[in-house]
Amino acid sequence: MGNIFDDQNLFIKKENLIFKDKNPLDHRFLPEKLIHRDVQIREIAKNWVDVFDDVTPSNITLYGKTGTGKTATSKFAKEQLLEAVENENIFVKIEYIRCTDYTTEYQVIAELCNRLGRDVPNRGWTKAEVVNTFRDIFKKQRVFTGKLQLIVILDEIDILLDKDGDGILYTLTRTENVSVLSISNYLDFKNLIKSRVTSSLNDKEIVFPPYGADQLSDILSVRADLSFKENVLEPDVIPLCSAMAAKEEGDARYALDLLKNAGEVAVDDESDKVTTEHVKRAKDRIEHNKVSEILSTLPLQQQRLLEAILTLTKQKEEITSGKLYEAYLDISKKDSVTYRRIFDFINELELLGIISTNTVSRGRGKGRTNIIKLQCDENLLETAIYTI
């Protein structure tokens, strides 16, 4: 067999019937204008404007659920500030760090040093050596080119704090001329920070509420104009995507993913239109991919517990923890964990959004019990379980 890419039929781009550019449907795409986040952009700008007076800006924390525009807003404000200082005698750098990629204080500081022109190895130095090298950059910079102002954007900071503690915030907030913009999906992430660090952080908090259906519709309309050919989308497609995403806690990422997948389903059908039926099938595809991805990362015993929940759900049984454990034992045979361990599994599956639990009272003298319910489509889960 020859090389599969020698087949010229692969290069016939059927999606040209539908798409002109898929990039604007990616949540990482930064549009020229960020709609429905004017208030939050202005709040960031109010703090960052201090660099024009050679003053280090206040630290900022952005809160909001996934898909509410926190990352896009911070990157948009970054581009706006860099454009504004371009012709001014102001030396400011803004560095974006995703804390899923850099999960320790050492890694973050080493990466910042490298971006600022000082070579630091990813490992091998002590933390003190890395921190001292980082701080030395600002002393040397002042001698040669004037005062450097550094703004560090720490996206998903809760992941770093949970794994490595609050040392990163202590180091950055105690370094002259450094300002921090933290991004978190969780309002309670400051529980991970000690009081001495909270005091030096002294941040301004900006909350990002979920998008409403009308706002999501506006966002999708702008992106659709950039992504799809003219008159490809049927009129109800964007309203349906927006309504579905509004139910997912106003998640713009989900809305964009839904619209993009709907277009791809239409391409697979060799259709010249994207319809509401394509949107519904796209929703099933996304949910299946999500469930499959989660399942593939679960330990074997949790997969078995989920299979037991699915079995009881299909039997229309009310699922108590006792009944669930019996079904789990039947599936796992002799290779099983303890009843106590099952409660940890249940909590983890609930955090992943696959199941829900509800404590109910059985009445006077009969105590309370947990009722467990599946929170994803039975057929999708069944398909995913038996294909991993």
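At least one donor-acceptor pair closer than 3.5 Å links the side chain of T311 to the backbone N or O of E307. In this structure, the side chain of R223 does not engage the main chain of L25 through any donor-acceptor pair within 3.5 Å. Using a distance-only test at 3.5 Å, with no hydrogens or angles considered, no donor-acceptor pair links the side chain of T276 to the main chain of V237. Between the side chain of R135 and the backbone N or O of T171, at least one donor-acceptor pair lies under 3.5 Å. The closest donor-acceptor contact from the side chain of S199 to the backbone of R196 lies at 3.5 Å or more, if one exists at all. Remark: side-chain polar atoms of K147 are not paired, donor with acceptor, to backbone N or O of I90 under 3.5 angstrom. When atom types are taken as modelled, the side chain of N132 and the backbone of A128 share a donor-acceptor pair closer than 3.5 angstrom. In this structure a side-chain-to-backbone donor-acceptor pair under 3.5 Å is missing from D162 to D158. Checking side-chain atoms of S227 against main-chain N and O of A224 turns up no donor-acceptor pair under 3.5 Å. Without hydrogens or angle criteria, S200 side chain to V197 main chain gives a donor-acceptor distance under 3.5 Å.
Judged by distance alone, the side chains of T61 and D203 do bring a donor and an acceptor atom under 3.5 Å apart. With 3.5 Å as the limit, one finds no donor-acceptor pair spanning the side chains of S336 and Q301.
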* Passes side-chain hydrogen bond (donor to acceptor under 3.5 Å, both in side chains), T357 versus N370? Steps please. -> CA-CA 6 Å; T357 63; N370 274 338; 5.2 Å; no
* **Test side-chain contact (heavy atoms from CB on, under 4.5 Å) applied to I354 and Q302, step by step** => CA-CA 12 Å; I354 297 179; Q302 279 185 312; over 6 Å; no
* Starting from the C-alpha separation in whole Å, work towards a yes-or-no answer on side-chain contact (heavy atoms from CB on, under 4.5 Å) for F76 and I44. => CA-CA 10 Å; F76 186 84; I44 294 173; over 6 Å; no
* **Stepwise side-chain contact (heavy atoms from CB on, under 4.5 Å) check, N358 with K373** => CA-CA 8 Å; N358 184 35; K373 290 185 178 179; over 6 Å; no
* To do: In sequence, state the C-alpha distance, the side-chain angles, and the governing distance for T313 and E378, and then conclude on side-chain hydrogen bond (donor to acceptor under 3.5 Å, both in side chains).
  => CA-CA 8 Å; T313 301; E378 291 176 34; 5.8 Å; no
* To do: May I have the step-by-step check of salt bridge (Lys or Arg N to Asp or Glu O under 4.0 Å) for R341 and D344, ending in yes or no?
  => CA-CA 5 Å; R341 184 75 176 113; D344 294 331; 3.1 Å; yes
* Check step by step if salt bridge (Lys or Arg N to Asp or Glu O under 4.0 Å) holds for E43 and K46. => CA-CA 5 Å; E43 285 299 310; K46 277 183 190 176; 3.2 Å; yes
* Are I137 and L112 close enough, and set up right, to give a side-chain contact (heavy atoms from CB on, under 4.5 Å), and what steps lead you there? -> CA-CA 10 Å; I137 293 172; L112 288 173; over 6 Å; no
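The pair D284-R281 does not count as a salt bridge, with every side-chain nitrogen at least 4.0 angstrom from each carboxylate oxygen. One finds no salt bridge joining E248 and K283 here, because no Lys/Arg side-chain nitrogen approaches an Asp/Glu carboxylate oxygen to under 4.0 Å. For E264 and K22, the salt-bridge test passes: some basic side-chain N is under 4.0 Å from an acidic carboxylate O.
Side-chain contact between L172 and I109 is present, with heavy atoms from C-beta onward closer than 4.5 Å. Contact check for P57 versus V51: side-chain heavy atoms found under the 4.5 Å cut-off. The closest side-chain heavy-atom distance from I97 to D155 is not below 4.5 Å. Between N289 and E293, every side-chain heavy-atom pair lies at or beyond the 4.5 Å cut-off. Residues T73 and T68 are not in side-chain contact: their nearest non-hydrogen atoms beyond the backbone lie 4.5 Å or more apart. Taking the side chain as every heavy atom from C-beta outward, L305 and L324 approach each other to under 4.5 Å.
For E230, the CD atom is loosely surrounded, since the number of other residues' heavy atoms within 6.0 Å does not exceed 12. Summarising the local packing, CZ of R98 is surrounded by 12 or fewer heavy atoms from other residues, nucleotides or ligands at distances under 6.0 Å. Within 6.0 Å of the CZ atom in R42, the count of heavy atoms belonging to other residues, nucleotides or ligands does not exceed 12. The neighbour count for N122 CG, taken as heavy atoms of other residues, nucleotides or ligands under 6.0 Å away, does not exceed 12. Shown here is K204, whose NZ atom has no more than 12 heavy atoms of other residues, nucleotides or ligands within 6.0 Å. Within a 6.0 Å radius of CG in N114, other residues, nucleotides and ligands contribute more than 12 heavy atoms.
You'll find the ring centres of Y63 and F208 outside the 6.0 Å limit.
Residues V222 and L233 do not share a hydrophobic cluster, clusters being chains of Ile/Leu/Val/Met/Phe/Trp/Tyr side chains in contact below 4.5 Å. Note: the hydrophobic cluster containing L82 also contains I151 (ILVMFWY, side chain heavy atoms under 4.5 Å, direct or indirect links).
With Y96 as the aromatic partner, R115 does not meet the cation-pi criteria of under 6.0 angstrom to the ring centre and within 45 degrees of the ring axis.
Of the candidates E156, K70, K65, K70 is the only one forming a side-chain hydrogen bond (donor to acceptor under 3.5 Å, both in side chains) with N185.
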